S.K.: 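Would you mind keeping the following structure in view while I ask a few things?
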Amino acid sequence: QSYPTANPAGKEYAYLEDSLDEPSRIVIAGELGSEPKIIRRNAFGQMSYSRDGGKFLAYSSLLGIEKYKAFSDVFIYDFEKKVSKRVFEKGGEKKSLRASDPDFAPMDGGARWVLMVRTNGATDNLYVNDLEGKKGTFLTRAPRYTQFSNPRFSPDGRHIVVSRRDPKGNRDIVLYSSKGKEISKITHDEASDNHPVWSPSGHSIFYESDKSGIPNIYRYDLSDHRQAQVTNVEGGVYQTTARDVRVKDELSGADKTVK
């Protein structure tokens, strides 16, 4: 299982399931004891529920839109209609966006704007698509060979956190404004820092890092800029999702809920 994704309504979560003899598939798991449901196959990477109570799920898949070529595109699954539709720009029905790692923005009801990573050659950029107007905007103009992965809007929609690999090969967690202006590097080291997610309040960011030699989960507090290791698992921990998280306070030693 990979890429656990919580429904904001709190009723279920989605994850990717892989096996040796079948293509990867999106599975929806509900309450304890309920039967998981497979809704789509041939999906990969980050997924995102819409923020209108989880009526839609955005995901990535390979599809041969252009003749003799298969590229990654973002799709929106409608839970009520049980159908998926590919995201494209007006007039570009037969052209791939070469996009992945979608995330619904909280603005305008939480189901109109989708943030994603678009690739051109060997260079990635952040891009947001207006599903209603079928048009999009590039938020960044990154140097050649930059790679982005797992961008996430903050709960208030003002910021974007993302894992970024620079042309020198360093992969760090970086904070941007919602307009694509770089604000700060949350990490700046030789470790591989990946899969950032926001706490429900937007006061903290959780991410995965192998800075200790083994991948574990770390927390960054935006108010005091402190970093803290949340897990210490010998086999490694990957791809966290955050709701209410309880951690040990480094100063007092007491348990507290991360906001």
Side-chain angles (χ1 to χ4, degrees), residues 1-89 92-105 110-119 124 127-129 131 134 136 147-153 162-163 194-197 208 236-241:
Q1 298 180 5
S2 61
Y3 287 98
T5 306
N7 186 327
K11 299 178 181 179
E12 61 188 21
Y13 69 97
Y15 62 89
L16 291 180
E17 187 175 70
D18 298 291
S19 66
L20 295 176
D21 55 351
E22 291 186 40
S24 60
R25 50 198 176 269
I26 301 174
V27 180
I28 306 298
E31 298 179 357
L32 186 64
S34 63
E35 188 71 21
K37 298 178 295 183
I38 298 173
I39 62 169
R40 276 293 177 270
R41 299 181 185 273
N42 297 309
F44 67 90
Q46 174 172 294
M47 297 177 288
S48 175
Y49 279 96
S50 57
R51 307 198 189 197
D52 56 355
K55 296 178 182 178
F56 305 94
L57 183 73
Y59 65 94
S60 305
S61 183
L62 288 173
L63 195 65
I65 300 298
E66 299 177 18
K67 192 174 183 180
Y68 306 127
K69 299 176 181 178
F71 296 107
S72 171
D73 273 288
V74 169
F75 295 78
I76 308 297
Y77 180 78
D78 186 322
F79 283 97
E80 181 179 352
K81 297 180 181 178
K82 295 182 172 55
V83 296
S84 288
K85 292 185 178 181
R86 187 175 65 90
V87 177
F88 56 86
E89 293 185 341
E93 292 87 347
K94 295 183 179 180
K95 185 175 181 180
S96 170
L97 287 183
R98 295 164 171 78
S100 60
D101 286 356
D103 186 55
F104 275 102
R112 177 174 178 176
W113 305 90
V114 180
L115 172 68
M116 60 191 78
V117 176
R118 287 191 63 181
T119 302
D124 292 346
Y127 164 93
V128 64
N129 185 278
L131 298 179
K134 296 189 182 302
Q147 294 179 357
F148 288 105
S149 61
N150 308 116
R152 294 289 192 185
F153 268 110
V162 66
S163 175
N194 295 282
H195 304 111
V197 295
E208 163 204 320
V237 180
Y238 305 86
Q239 300 169 357
T240 184
T241 184

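Because the structure is a prediction, the values reported are computed rather than measured. Residue numbers count from 1 along this sequence.
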S.K.: Has R86 got a side-chain atom pairing as donor or acceptor with E93's backbone, closer than 3.5 angstrom?
M.R.: yes
S.K.: Could you tell me whether a side-chain N or O of S24 sits under 3.5 Å from a main-chain N or O of A43, the two making a donor and an acceptor?
M.R.: yes
S.K.: Donor-acceptor pair, distance only, cut-off 3.5 Å: does the side chain of S163 make one with the backbone of S149?
M.R.: no
S.K.: Does E89 come within less than 4.0 Å of K95, counting only side-chain N to carboxylate O?
M.R.: no
S.K.: Which residue pairs satisfy the salt bridge (Lys or Arg N to Asp or Glu O under 4.0 Å) criterion with at least one member in residues 50-63, sequence neighbours excluded?
M.R.: R51-D103
S.K.: Using a 4.5 Å cut-off on heavy atoms from C-beta on, say whether the side chain of Q1 contacts that of V27.
M.R.: no
S.K.: Any side-chain heavy-atom pair from Y3 and H195 closer than 4.5 angstrom?
M.R.: yes
S.K.: Find out whether E12 and Y49 are in side-chain contact, i.e. whether some heavy atom of one side chain is under 4.5 Å from a heavy atom of the other.
M.R.: yes
S.K.: Return the minimal non-hydrogen interatomic distance between I26 and A14, and the atom names on each side.
M.R.: CG2-CB, 4.4 Å
S.K.: Does either side chain, that of S84 or that of R40, offer a donor lying less than 3.5 Å from an acceptor on the other one?
M.R.: yes
S.K.: With side-chain contact (heavy atoms from CB on, under 4.5 Å) as the test, pick out the partner of L57 among I39, I76, N7.
M.R.: I39
S.K.: Is there a donor-acceptor pair under 3.5 Å between the side chain of S48 and the backbone N or O of F104?
M.R.: yes
S.K.: Any side-chain heavy-atom pair from L97 and V74 closer than 4.5 angstrom?
M.R.: no
S.K.: S72 and F44: which non-hydrogen atoms are nearest, and at how many Å?
M.R.: OG-CZ, 3.2 Å
S.K.: Please tell me if the side chains of R41 and E22 come closer than 4.5 Å, counting only heavy atoms from C-beta onward.
M.R.: yes
S.K.: Can you tell me how far apart CZ (R118) and OG (S100) are? Round to the nearest 0.5 Å.
M.R.: 11.0 Å
S.K.: Identify, with sequence neighbours excluded, every residue that meets side chain to side chain donor-acceptor pair (under 3.5 Å) alongside S96.
M.R.: D73
S.K.: Is there side-chain contact between L131 and K85, with heavy atoms separated by less than 4.5 Å?
M.R.: no
S.K.: Counting N and O atoms only, with roles assigned by atom type, does the side chain of D101 sit under 3.5 Å from a partner on the main chain of N150, one being a donor and the other an acceptor?
M.R.: yes
S.K.: Could you tell me whether the side chain of S50 and the main chain of F56 form a donor-acceptor pair under 3.5 Å?
M.R.: yes
S.K.: Checking Y77 against F75 for the ring pair (Phe, Tyr, Trp, His ring centres under 6.0 Å) test, could you report, in this order, the C-alpha distance in whole Å, the side-chain angles of both residues, the deciding distance, and whether it holds?
M.R.: CA-CA 7 Å; Y77 180 78; F75 295 78; over 10 Å; no
